[in-house]
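Below is one structure; the comments refer to it alone.
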2 protein chains.
Amino acid sequence: MIRLSNTNQRRIIIEELRRIKCHPTADELYEIVRQRLPSISLGTVYRNLELLADCGEILKLEFAGRQRRFDGDIRRHCHLRCLHCGSVEDIRIPGVELLERELDKFLGGRIRAAQLEFTGYCRDCAAKLGVTPSASAGRSRASSFMN
Amino acid sequence: MIRLSNTNQRRIIIEELRRIKCHPTADELYEIVRQRLPSISLGTVYRNLELLADCGEILKLEFAGRQRRFDGDIRRHCHLRCLHCGSVEDIRIPGVELLERELDKFLGGRIRAAQLEFTGYCRDCAAKLGVTPSASAGRSRASSFMN
DNA sequence: GTGATTGCAAACTATTTGCAAGAGA
DNA sequence: TCTCTTGCAAATAGTTTGCAATCAC
């Protein structure tokens, strides 16, 4: 694994990405980091996010929308992408660990990773738009994990 | 559902996308369509692909930060995205139907869709790069579906 | 005829890159 | 010291948009 030198910029980028619980785009993170390091440039943020993702320090989320997003939490978990605002939310679904273990069995050879992704509505948009579990009735299990 | 008028450009775009079995980008499809309709513009291809995806006639494959791809086959299936060349390949994995049925149980409420995506190497790149099933040994099931 | 669609070109957005100056080991 | 990294700005890549002309119904 590549050893990255410990610059102020890089350290603060990691710190802020780990601290916030959302999944910011490069420019969102740039604005956040700028509050601690006003002279940092957007290019530096992009370069570091790329490097850090290559090293496995952070996660690059490419499945979603137009803009790339980043996640400071590299533990395996699922994401829900909002169809309305494009945000990405961590999602815990009971029983999904079993599915993931099944998925892992497919890894090997040409396949290096498998991911489980969900699309729907984030908490905020669901509330604003009046999305309710009854919107797709008949799938009663759904309501058990949505809150 | 929106009713789209039947223009020559639109018809040929759908026909060609359904005919080819890969997952072209807008400009790849533009080049293909141009062989039948030399005066078509790239903008028209973009506009139609967007509309057709909105209508559910085709599938839009979005990977943030890279090029969008389109799929004329809207039946449920998995994709393998190549880490080397960025191409997207349909992938058939025995047993995946069971996983998908399990995934469907999560749908409802805020969650509208679940998808299973794989990353790794396409057939061509795997051959070129010498990627072999033994690359991640110990996961013996893997070789059973890779060819 | 009227609204939808087209070709063209310019605009826009996200991301990457070249380069000289500066920081880290 | 010497390489890696930074800030800046320009470049690039992919996509979207405005507009006048044209087409489908």
Side-chain angles (χ1 to χ4, degrees), chain A residues 1-17 23-55 57-71 81 85-88, chain B residues 1-17 23-55 57-71 81 85-88:
Chain A
M1 185 189 277
I2 313 131
R3 177 117 231 117
L4 296 180
S5 64
N6 178 30
T7 66
N8 212 27
Q9 288 87 336
R10 185 165 296 153
R11 188 176 44 77
I12 292 177
I13 287 169
I14 303 179
E15 276 176 20
E16 290 301 311
L17 185 57
H23 304 77
T25 60
D27 57 297
E28 284 166 358
L29 190 58
Y30 168 62
E31 289 304 333
I32 291 164
V33 167
R34 222 142 68 102
Q35 291 171 16
R36 289 177 60 185
L37 210 59
S39 65
I40 198 172
S41 79
L42 182 57
T44 297
V45 174
Y46 268 105
R47 269 187 283 229
N48 275 293
L49 288 172
E50 199 58 34
L51 278 168
L52 291 166
D54 286 350
C55 294
E57 292 275 310
I58 64 171
L59 236 53
K60 179 161 63 168
L61 309 180
E62 289 197 301
F63 76 99
R66 202 79 293 282
Q67 246 173 317
R68 202 169 275 163
R69 290 179 175 273
F70 297 87
D71 193 342
R81 176 163 64 103
C85 72
S87 71
V88 172
Chain B
M1 187 188 277
I2 313 131
R3 177 115 230 117
L4 296 179
S5 64
N6 179 29
T7 64
N8 213 26
Q9 289 87 334
R10 185 165 296 153
R11 189 176 42 77
I12 292 177
I13 287 169
I14 303 180
E15 277 176 18
E16 290 301 312
L17 185 56
H23 305 75
T25 59
D27 56 297
E28 284 166 358
L29 190 59
Y30 168 62
E31 288 304 333
I32 291 165
V33 168
R34 221 141 69 103
Q35 292 171 17
R36 290 178 61 186
L37 210 60
S39 65
I40 198 172
S41 78
L42 182 57
T44 297
V45 174
Y46 269 106
R47 269 186 285 228
N48 275 293
L49 288 172
E50 200 59 34
L51 278 169
L52 291 166
D54 285 351
C55 294
E57 290 276 311
I58 65 171
L59 236 52
K60 176 162 64 170
L61 311 178
E62 280 196 312
F63 303 104
R66 36 197 79 226
Q67 245 173 317
R68 205 169 273 168
R69 291 178 175 274
F70 297 87
D71 192 342
R81 180 164 60 99
C85 72
S87 71
V88 172

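In what follows, chains are A, B, ... by sequence order, proteins preceding strands, each numbered from 1. FYI, side chains are in, hydrogens and waters are out, and symmetry mates aren't considered; it's all heavy atoms of this structure.
When the P atom of C/dT15 is taken as reference, atom OH of A/Tyr30 falls 15 Å away, rounded to whole Å. Between the NZ atom of B/Lys60 and the P atom of D/dG14 there is a distance of 17 Å, given to the nearest Å. Atom CG in A/Leu61 sits roughly 12 Å away from atom P in C/dT15 (whole-Å rounding). Going from atom CD1 of B/Ile40 over to atom C1' of C/dC8 covers 13 Å, rounded to whole Å. With rounding to whole Å, A/Arg66 atom CZ is found 15 Å from D/dA13 atom P. The distance between atom CD1 of B/Ile13 and atom C1' of C/dT6, rounded to the nearest whole Å, is 11 Å. Separating the CG atom of A/Leu42 from the P atom of C/dG18 is a distance of 17 Å, rounded to the nearest angstrom. Distance B/Leu49 CG to C/dT5 P: 14 Å, rounded to the nearest Å.
Two residues are said to be in side-chain contact when any heavy atoms from C-beta on lie closer than 4.5 Å; A/Val33 and A/Thr44 fail this criterion. In this structure the side chain of B/Phe63 reaches within 4.5 angstrom of the side chain of B/Val88, judged on heavy atoms.
The shortest distance between the side-chain N/O atoms of A/Arg68 and the OP1/OP2 oxygens of C/dT16 is below 4.0 Å. In this structure, A/Gln9 does not reach the C/dA23 phosphate: none of its side-chain N or O atoms is under 4.0 Å from OP1 or OP2. The side chain of A/Asn48 places an N or O atom within less than 4.0 Å of a non-bridging phosphate oxygen (OP1 or OP2) of D/dT6. The phosphate of C/dT5 (OP1 or OP2) has no side-chain N or O of B/Thr44 nearer than 4.0 angstrom. Taking 4.0 angstrom as the limit, B/Thr7 places none of its side-chain polar atoms (N or O) nearer than this to OP1 or OP2 of D/dA24. Contact annotation: B/Tyr46 does not reach the phosphate of D/dT16 (side-chain N/O to OP1 or OP2, under 4.0 Å). Contact annotation: A/Arg10 reaches the phosphate of D/dT5 (side-chain N/O to OP1 or OP2, under 4.0 Å). Note on A/Ser5: every side-chain N or O is 4.0 Å or more away from OP1 and OP2 of C/dG24.
Along DNA chain C, the nucleotide nearest B/Val45 and the nucleotide nearest A/Asn8 are compared for position; the residue whose nucleotide lies closer to the 5' end is B/Val45.
A pairwise comparison of heavy atoms in A/Arg81 and B/Glu62 identifies NH1-OE1, 3.9 Å as the closest pair. Counting all heavy atoms, side chain and backbone alike, A/Tyr30 lies closest to A/Ile40 at CE1-O, 3.4 Å.
Relative to the side chain of A/Gln67, the nucleotides D/dT16, C/dA14, D/dG7 differ in distance, and C/dA14 lies closest. Side-chain proximity of B/Ala26 to the nucleotides C/dG7, C/dT5, D/dT15 is greatest for D/dT15.
No contact: A/Thr25 has no heavy atom under 4.0 Å from any strand.
In this structure, A/Arg34 pairs ionically with A/Glu31, as a charged nitrogen and a carboxylate oxygen lie closer than 4.0 Å.
The side-chain contact (heavy atoms from CB on, under 4.5 Å) test with A/Arg10 is passed by exactly one of A/Asn6, A/Asn8, A/Thr7: A/Thr7.
At a cut-off of 3.5 angstrom, the base of D/dG7 holds at least one donor-acceptor pair with the side chain of A/Arg47.
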